Amino acid sequence: MSRLPITKTPKCYVGGAFIRSESGRVAPLHDARGAFFANIPQCTRKDLRNAVEAAAKAGPGWAKRSAYNRGQILYRLAEMMEARSAELAEAIQIGGSTKADANHEVASSIERLIHYAGWTDKYEQLLGNVNPVASPHFNFTVTEPMGIIGVLTPEEAPLLALITLIAPAITCGNTVIALASESQPYPAIVLGEMLATSDLPGGVVNLLTGQRSELVPTFASHTHLRAISGVANADERKEIRLAAADSVKRVNLRKAEDPTDWPSPKLQGLSAIRELIEFKTTWHPIGA
Amino acid sequence: MPAASRPAKKTARPSSRELVFGDLWEFDPAPETADPKLKTKCDLFIHGQFVKPSAGKYFDSINPATETKLADIALATNTDVDLAYRSARKAYDSVWGRMPGAERGKYLFRIARLLQDHAREFAIAETLDGGKPIKESRDFDVPMAAAHFFYHAGWADKLEYVSPGRSVKPLGVVGQVIPWNFPLLMLAWKLAPALAMGNTVVIKPAETTSITALKFGEILQEAELPPGVVNIVSGAGETGAAVMGHPAAAKIAFTGSTEVGKIIMRSVAGTDKKVTMELGGKAANIVFDDAPLDQAVEGIVNGIFFNQGHVCCAGSRLLVQESITDAVLTKLKRRIEVLRVGDPMDKNTDLGAINSKEQLNKITELVESGVREGAELYQSPCRLPSKGFFFKPSVFSNVSMSHRVAREEIFGPVLSVLTFRTVDEAIEKANNTAYGLSAGVWTDKGSRILKMSTELKAGVVWANTYNKFDPTSPFGGYKESGFGREGGRQGLIDYCREE
Amino acid sequence: MSAAPQALRRLLSEIGTVDQVGIEERVAKYTTRSIKKKSKLFGLNLAVSMVDLTTLEGKDTPGKVASLCQKALLPHDQGDVPTVAAVCVYPAMVKHAAKYVKGTPVRIASVATAFPSGQAPLKTRLAEVRAAVADGADEIDMVINRGAFLSGQFSLMQDEIAQVVEACGNATLKVILETSELETYDNIRAASFLAMRVIRPGDFIKTSTGKTSSNATLGNNQVMLDAIRDFFLETGTAIAMKPAGGIRTAKQALHFLIAVKETLGDEWLNNQRYRFGASSLLNDLLRQLEKERTGAYQAPYYFSEAAEAY
């Protein structure tokens with residue numbers, strides 16, 4: 001007699017816990033062949049609000065971790081993903097990717113994390129500096145995280161784009177609320193499970209699933225989110241920039257209508273980190 | 001003349017323990033008298049020429065210290081702005097964008113040198129037009145403007161070092177709108193990095209302070225800067241909107257109030273323009289009980305009364321540790337007593353005129369609200385001139401965090417004093433604002449300075465000093481004080497795209 | 001001495017510290033003041049009346065002192081120039097100076113206490129003070145025991161000053177801190193307070209001997225003025241101030257006076273509360289006064305040269 005399999009209820013990873021939407025709503029997810037796969041939580045603006053609260057709580061502690069420690073934690077996350085790469089690849093394949101493409105996307109995602117794991121203790125040395133001012137003062141510019149970053153992922157590359165957008169943000173001490181690909185949310189669900197077993201403190205990365213059209217306005221208008229990064233179409237970009245003006249939010253969006261080569265190494269590195277930090281300059285007199 | 005006689009101890013006069021800052025030795029007027037060579041009619045500077053505004057309209061620029069008219073300033077319409085953009089685009093495509101960096105740098109060096117040559121004229125023009133004390137325009141605004149060109153000139157052929165690992169390219173035409181508090185200096189802050197990077201510019205000075213910007217066109221002519229690289233269009237809000245909204249602007253940069261900044265951000269929401277904003281502030285200047293008090297008081301004074309408090313990074317919220325509040329306030333009032341308020345053209349004037357009637361009204365209204373809300377007002381005993389827009393240096397004590405004078409940017413010589421007991425309380429109060437431009441910390445303890453500097457959510461932290469600026473030092477805000485930096489390597493990044 | 005840092009730290013935590021860059025920025029503002037016309041005349045005359053006309057050289061003779069005294073009494077034969085505050089000489093010269101200035105408004109100041117080093121037994125130093133007073137000195141310029149201060153022996157330093165005060169009798173005392181040897185503004189502030197606590201109202205604190213590499217500066221003048229102000233407001237005791245050495249031009253002197261005006265106010269703008277220890281300053285003040293009177297720039301040889309002690 002064959003054993004009845006236990007099906008997994010997909011949940012979102014928010015504040016270090018697995019949640020269903022506060023609304024209780026779900027939407028069925030079908031695989032590429034049209035077969036029912038699972039019910040995906042349809043997060044609401046309240047879920048986003050709760051995620052922001054969680055991120056706000058986690059933020060100061062995460063920003064204060066040493067650069068070395070943040071690097072190790074990112075590396076640990078990569079280790080978790082490597083160990084469960086098959087599961088991630090399967091999750092990607094639900095959206096219709098071939099096995100080879102899915103494997104490639106997982107590998108690229110892991111490489112990208114490793115890349116950023118090595119950035120945590122270096123970007124400061126390249127972005128900050130001492131400024132030779134013309135008065136008897138010691139003057140230096142350092143970077144600081146912006147705070148809570150809203151990440152809007154594209155529909156494609158559901159794991160690699162997500163990692164590409166999250167990794168630079170947490171590398172430099174920000175916390176993130178990311179909205180997963182609406183059509184391919186499952187890799188984000190699986191990633192959440194890996195985040196939970198990595199050493200990343202709860203609340204640093206929060207992953208929401210649901211309808212973009214419902215959530216984008218709240219991403220745009222929530223004044224505690226200090227920046228929005230990711231991918232958006234023309235209407236969304238306008239909507240976001242309009243609402244972002246109210247709290248002078250930083251907006252850095254790629255165009256959904258322009259194709260993005262997600263595996264490209266041009267999408268990773270120092271510039272991506274720089275978009276998500278603030279520069280702080282400190283002056284002090286030199287005297288005895 | 002006091003003759004030598006027996007020392008005071010012999011008379012054993014009981015002391016009142018008060019210092020007398022009287023008129024025993026009053027200073028005679030020391031007016032700056034050099035000729036600023038002002039035009040009575042200032043035309044737009046487009047494509048390397050001074051041109052009349054297409055609609056033929058002009059508006060008055062007045063001297064805020066005397067309320068007399070200084071000049072007719074051309075009012076640029078959409079047509080003029082469009083002409084300026086076309087000129088800038090042409091200059092970008094044909095000359096400036098493709099010129100080797102070293103050559104661009106040489107033009108900027110020239111501009112720096114010419115500004116130094118004409119420094120006195122510019123200082124006087126700035127003071128006449130804006131009301132700031134001549135010693136500030138002479139010793140700060142103009143030399144610092146020249147320094148910004150000199151600093152950025154040297155970057156023009158070293159741009160491969162701006163962003164490690166990436167090559168940077170200019171954006172194209174940049175639209176810039178600048179405020180009235182440091183008219184020439186803000187122009188320099190905006191132009192120098194944009195030009196060094198290879199962009200061309202359409203810039204609009206503030207309505208009340210256009211004279212030095214348009215006069216700067218003469219410097220550009222003298223420097224033989226190719227036509228169209230810099231276009232200067234004067235006007236009010238409508239002209240500003242045209243400059244910010246023009247479709248040819250690849251990037252816009254604005255310095256001004258947070259309120260207007262938000263309006264501009266909304267107006268370009270549907271475009272791909274890059275944006276940087278340098279907006280308002282309500283900086284906390286935090287004094288701990290171990291601070292060198294006389295220097296802290298000097299920093300407080302410099303923080304709030306520099307340029308009549310018309311400074312976005314002014315230290316307008318003084319946070320004093322409770323145990324020294326009385327000592328600091330006493331010293332502060334004594335220092336304020338010897339500040340000289342009056343004719344901006346007098347070389348001894350410490351505080352000049354408020355920039356405009358409108359601004360004076362705004363300051364007056366906010367100060368009245370402070371009194372109504374129960375804060376305690378101290379004002380300098382100084383006498384104000386009968387004509388012109390002036391406001392006495394003012395200090396509010398017993399201010400609470402909810403008072404308007406503790407939350408709103410006053411942009412005038414008005415200080416609000418709050419107290420704190422612990423480091424954490426100081427941090428919390430300092431950060432409890434939507435602004436995040438600057439902050440000050442005064443303490444003798446090194447590790448506390450670094451702790452405060454780390455915790456304060458502000459783009460510039462002055463520790464045991466205040467209101468210091470340098471071309472090499474990035475300036476700009478957190479939160480609703482804007483984004484992007486001006487000065488230093490970081491300031492250049494905002495004027496390029498990376499490949 | 002291990003006691004030094006603790007003692008200084010305790011004192012500084014009581015009286016407060018000084019930030020070097022901050023105070024130098026403050027005093028730089030005095031130099032941008034523009035003093036014209038009547039206010040310039042007033043300032044120049046005031047400065048003349050505050051000069052302690054000084055000669056402190058090994059080669060000083062009664063004859064040199066005599067001409068110094070004549071210059072002090074009649075700085076210039078043109079215009080309405082006040083006399084200087086005092087002549088300042090070595091103890092051996094006091095009796096020679098007395099012949100000329102006793103009974104005039106010009107006072108006799110004598111350096112004493114093994115000036116400039118102070119490196120003689122206390123007994124010797126006190127004897128020197130008494131001798132100078134006996135010979136007619138109205139004022140004694142003493143040096144503090146810098147060694148005691150720098151090694152944290154504050155009470156030793158203060159005891160010695162107190163004994164000099166006693167030896168002075170009715171003579172006014174000026175306590176020279178020798179700021180260049182104290183090096184930091186914190187030390188100057190600390191030494192100012194230590195001295196002020198043992199001297200009498202109307203006694204002076206003074207920057208320098210004029211015999212070391214650096215002398216009065218606007219910076220150390222300001223530290224001491226701030227200290228005098230704080231001490232006055234705390235105790236009601238008004239202490240006077242004398243910068244000495246290095247002030248050679250009328251322009252410099254006006255900068256120092258502006259510092260007094262803006263820090264201590266009108267009550268210190270007289271020669272009972274403020275002096276300049278200087279030799280060549282007087283001639284430049286006179287040149288500038290003549291220029292104001294006549295409208296023409298003046299050649300130096302119109303003015304008898306005073307001693308070039310500093």
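Computed from a predicted model, the values in this text were never measured in an experiment.
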Taken to the nearest 0.5 Å, the spacing of C/L264 CG from B/R334 CZ works out to 10.0 Å
For residues 11-20 of chain C against chain B, heavy atoms under 4.5 Å, the residues are C/T17, C/V18, C/D19
Comparing B/V20, B/N464, B/N348, B/D346 against chain C, the one with the most heavy-atom pairs below 4.5 Å turns out to be B/N348
Okay, C/T235 and chain B: the region with an atom under 4.5 Å from a heavy atom over there is backbone
Hits for side chain to side chain contact (heavy atoms under 4.5 Å, CB included) against B/A353, two or more places apart or cross-chain, chain-then-number order -> B/P64, B/A65, B/P344, B/F390
Note: B/L19 and C/W268 closest approach over all heavy atoms is CD2-CZ3, 3.9 Å
Does C/K38 make a cation-pi contact with B/F27, if we ask for NZ or CZ under 6.0 Å from the ring centre and within 45° of the axis? no
Distance col, row B/K135:NZ vs C/S34:OG, nearest 0.5 angstrom, shows 11.0 Å
In this structure, CZ of B/R17 is separated from OG1 of C/T237 (nearest 0.5 Å) by 8.0 Å
Of C/K40, C/E234, C/M50, the largest count of non-hydrogen pairs under 4.5 angstrom with chain B goes to C/E234
The side chain to side chain contact (heavy atoms under 4.5 Å, CB included) partners of B/E337 (sequence neighbours excluded) come to B/F21, B/Y378, B/P381
Turns out that what part of C/D230 lies under 4.5 Å from chain B's heavy atoms comes down to side chain
Side chain to side chain contact (heavy atoms under 4.5 Å, CB included) filter on C/Q78, not counting sequence neighbours, yields C/H76, C/E290, C/R293
CD of C/E183: more than 12 outside heavy atoms within 6.0 angstrom?
no
> Do C/V260 and B/W25 touch side chain to side chain, with heavy atoms closer than 4.5 Å?
Replying inline: no
Worksheet item: Can you find a heavy atom in the side chain of C/R26 that is under 4.5 Å from one in the side chain of B/R335?
Response: yes
One option among C/R33, C/K261, C/K37 has the most heavy-atom pairs under 4.5 Å with chain B, and it is C/R33
Worked verdict on B/K468 versus C/E25 for salt bridge (Lys or Arg N to Asp or Glu O under 4.0 Å): CA-CA 11 Å; B/K468 288 279 173 295; C/E25 280 173 11; 3.2 Å; yes
Closest non-hydrogen atoms of C/T32 and B/D139, given as atom of the first, atom of the second and distance, are CG2-OD2, 4.0 Å
Nearest heavy-atom contact between C/K36 and B/A30 is CG-CB, 3.9 Å
dist B/E26:CD -> C/D266:CG (nearest 0.5 Å) comes out at 9.0 Å
I'd like to know if B/D294 and C/R229 make a salt bridge, using a cut-off of under 4.0 Å between side-chain N and carboxylate O.
yes
Here the gap from B/E18 atom CD to C/F232 atom CZ, rounded to the nearest 0.5 Å, amounts to 7.5 Å
